[in-house]
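Model, not experiment: these values are computed from the prediction. We count ligands from 1, going down the list as the structure has it; atoms in each ligand are counted the same way.
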Amino acid sequence: MDLAGRTVIVTGASGGIGVPLCAALLTAGAHVLAVGRDEARLRRLAQQLPAGRLSWAVGDVATEEGRARVLDAAHAARPTPSVLVLAHAQAAFGLFEDQSPEEMARLMQTNLVAPMLLVHGLLPVLRMHAMSSVVVVGSTFGSLAFPGFAAYSASKFGLRGLTEALAREYADTSLRFQYLSPRATRTPFNTPAVDALNAELKVASDAPAEVARQLIAAITQGTSRLQLGWPEKLFARLNGLVPGLVDRNLRASLPIVRRHARRSRPSAVETLRHEPQSR
Ligand SMILES: NC(=O)c1ccc[n+]([C@@H]2O[C@H](COP(=O)([O-])OP(=O)(O)OC[C@H]3O[C@@H](n4cnc5c(N)ncnc54)[C@H](OP(=O)(O)O)[C@@H]3O)[C@@H](O)[C@H]2O)c1
């Protein structure tokens with residue numbers, strides 16, 4: 001797909017991956033409709049990128065009002081959008097028992113329900129075009145569920161299921177669905193606790209600009225599924241074929257995950273001090 005002259009909606013546009021992605025889209029000749037909750041961040045994004053082809057819509061996509069704003073902006077954009085990139089998400093690292101029901105519900109609303117409803121609402125706009133695409137930015141944890149990331153993994157597994165089902169449902173149309181998964185990427189999405197966990201587990205991480213470059217290549221080439229990173233590709237496959245092997249591997253990492261997860265929650269510090277070490 002040639003991106004030149006197309007309008008691309010990008011949620012998470014002001015984020016660590018979103019910023020270089022918007023820059024690369026503009027370089028490819030696209031118009032960008034950037035979406036985020038914080039108008040000041042979107043304004044800064046517009047200032048740092050070449051002027052003229054970036055507009056924005058401010059809205060929390062986890063709310064009906066926020067999604068309505070995105071839909072209004074999409075209908076008003078010229079040319080009308082033919083690509084939707086869903087690159088927003090809420091992060092959550094912590095033990096499942098430490099997370100509040102409200103936090104988990106909010107995460108599912110942001111990471112899974114909002115993308116589903118945005119796609120649904122934008123279908124009439126996307127289907128106006130001879131060729132259009134929905135690009136879902138997933139995660140390694142959407143193929144390989146990880147301890148300490150239960151709700152996040154559930155949301156990304158859900159996104160992968162949604163994308164795959166829609167790709168199959170629209171297989172005989174000109175609308176395609178792409179599920180593209182970065183591995184750990186050096187953005188503010190990862191808290192210091194996650195960075196410390198990744199360092200101790202020797203998890204490799206990518207620069208956001210490199211991730212953006214690979215995403216653009218995949219969008220242009222129409223790649224249906226992409227997992228970035230060689231060991232992550234292998235582990236995602238292994239998890240599908242021999243999950244018991246991955247269970248055993250991750251079990252060995254469990255004490256490390258628990259230690260970092262507990263430290264990441266200020267309210268858990270006291271508990272940690274009094275916890276027996278064997279747990
Ligand atoms: N960084 C990683 O290690 C990593 C690894 C694998 C996959 N990913 C995935 O890559 C994508 C981008 O991640 P990132 O690292 O760029 O994250 P990031 O730096 O934290 O940026 C998140 C972006 O999402 C927007 N956002 C969050 N909640 C929103 C909401 N409710 N409504 C509207 N916008 C919202 C934020 O803008 P506002 O705060 O202004 O709303 C921000 O632009 C995510 O889907 C993430 O799951 C990231």
Taken to the nearest 0.5 Å, the spacing of Leu226 CG from Lys233 NZ works out to 5.5 Å

Sole candidate of Leu42, Leu33, Leu49 that passes side chain to side chain contact (heavy atoms under 4.5 Å, CB included) when paired with Leu54: Leu49

Closest approach of Asn239 to Pro243 (non-hydrogen atoms, all atoms of both residues): O-CB, 3.4 Å

Can you check side chain to side chain contact (heavy atoms under 4.5 Å, CB included) on Leu180 and Val136, steps first, answer last? CA-CA 6 Å; Leu180 311 178; Val136 177; over 6 Å; no

Check ion pair Glu210-Arg213 (N to O, under 4.0 angstrom): yes

Using a 4.0 Å heavy-atom cut-off, which part of Lys156 comes near ligand 1: side chain, backbone, both, or neither? side chain

Using a 4.0 Å cut-off to any heavy atom of Gly59, which atoms of ligand 1 qualify? 32 (N), 33 (C)

Apply side chain to side chain contact (heavy atoms under 4.5 Å, CB included) to Glu200 and Arg259, showing your working. CA-CA 11 Å; Glu200 190 164 351; Arg259 177 159 39 80; 2.8 Å; yes

Closer than 4.0 Å to some heavy atom of Tyr152 - which atoms of ligand 1 meet that? 7 (C), 8 (N), 46 (C), 47 (O)

If you look only at distance, which donor and acceptor atoms sit under 3.5 Å apart when one is on a side chain in residues 119-132 and the other is two or more places apart or in another chain?
residue	atom	partner	partner atom	Å
His129	NE2	Thr80	O	3.0
His129	NE2	Thr80	OG1	3.0
His129	NE2	Pro81	O	3.3
Ser132	OG	Leu126	O	2.9

Side chains of Ser133 and Gln178: is there a donor and an acceptor less than 3.5 Å apart? yes

Contact region, Thr140 to ligand 1, non-hydrogen atoms below 4.0 Å, reads neither

Run the side chain to side chain contact (heavy atoms under 4.5 Å, CB included) test on Val83 and Ile9 for me, step by step, so that the C-alpha distance in whole Å, both residues' side-chain angles and the decisive distance to 0.1 Å come before the verdict. CA-CA 6 Å; Val83 181; Ile9 304 175; over 6 Å; no

Sub-4.0 Å atoms of ligand 1 with respect to non-hydrogen atoms of Ala184: 3 (O)

May I ask you to list the atoms of ligand 1 that are less than 4.0 angstrom from any heavy atom of Asn190? 1 (N), 2 (C), 3 (O)

Which residue supplies the protein heavy atom nearest to atom 37 (O) of ligand 1, what is that atom called, and how far is it? Ser14 OG, 3.4 Å

Which segment of Arg106 sits under 4.0 Å of ligand 1 when only heavy atoms are counted: side chain

Modelled atom types, side-chain donor and acceptor of Thr7 and His31, under 3.5 Å: no

Number the atoms of ligand 1 from 1 as they appear, then name those within less than 4.0 Å of a heavy atom of Asp38, with their elements. 40 (O)

Residue and atom name of the nearest protein heavy atom (relative to atom 23 (C) of ligand 1), distance in Å to one decimal: Gly12 CA, 3.5 Å

Can you tell me how the ring of Phe141 sits relative to the ring of Tyr152, calling it parallel under 30°, perpendicular over 60° and tilted otherwise? perpendicular

Using a 4.0 Å heavy-atom cut-off, say whether Val137 meets ligand 1 through its side chain, its backbone, both or neither. both

Do any N/O atoms on Thr187 end up under 3.5 angstrom from N/O atoms on ligand 1? yes

Hey, what do you get for CD1 (Ile216) to OG1 (Thr27), rounding to the nearest 0.5 Å? 8.5 Å

Look at atom 16 (O) of ligand 1 and say which protein heavy atom is nearest, naming residue and atom and giving the distance to 0.1 Å. Ile17 N, 2.8 Å

Heteroatom proximity flag, Gly36 to ligand 1, N/O under 3.5 Å: no

Which residue from Leu21, Asn198, Val61, Val35 reaches closest to atom 32 (N) of ligand 1 through any of its heavy atoms? Val61

Can a non-hydrogen atom of Gly138 be found less than 4.0 Å from any atom of ligand 1? yes

Answer yes if the side chains of Thr140 and Arg183 hold a donor-acceptor pair under 3.5 Å, and no otherwise. no

To which protein heavy atom is atom 5 (C) of ligand 1 closest, and what is the distance rounded to 0.1 Å? Arg183 O, 3.2 Å

Which residue and non-hydrogen atom of the protein lie closest to atom 44 (C) of ligand 1, and at what distance in Å? Ala89 CB, 3.5 Å

Per-atom contacts of ligand 1 with Asp60, taking only distances under 4.0 Å to non-hydrogen atoms: 30 (C), 31 (N), 32 (N)

Proximity of Ala87 to ligand 1 by residue part, where a heavy atom lies under 4.0 Å: backbone

Nearest protein heavy atom to atom 17 (O) of ligand 1, by residue and atom, and its distance? Phe189 CD1, 3.3 Å

Taking 4.0 angstrom as the limit and counting only heavy atoms of Thr110, give me the atoms of ligand 1 inside it, by number and element. 31 (N)

Check step by step if side chain to side chain contact (heavy atoms under 4.5 Å, CB included) holds for Phe149 and Val194. CA-CA 10 Å; Phe149 294 88; Val194 175; 4.2 Å; yes

Identify the protein heavy atom lying closest to atom 21 (O) of ligand 1, giving its residue, its atom name and the separation to 0.1 Å. Gly15 CA, 3.2 Å

Test applied, side chain to side chain contact (heavy atoms under 4.5 Å, CB included); reference residue, Val137; option that passes from Val10, Val211, Val85: Val85

Any N/O of Gly16 closer than 3.5 Å to an N/O of ligand 1? yes

Quick test: of every protein heavy atom, which one is nearest to atom 27 (C) of ligand 1, and how far off is it to 0.1 Å? Arg37 NH2, 3.3 Å

Under 4.0 Å, heavy-atom basis, I'd like to know which part of Arg41 is in contact with ligand 1: side chain, backbone, both or neither. side chain

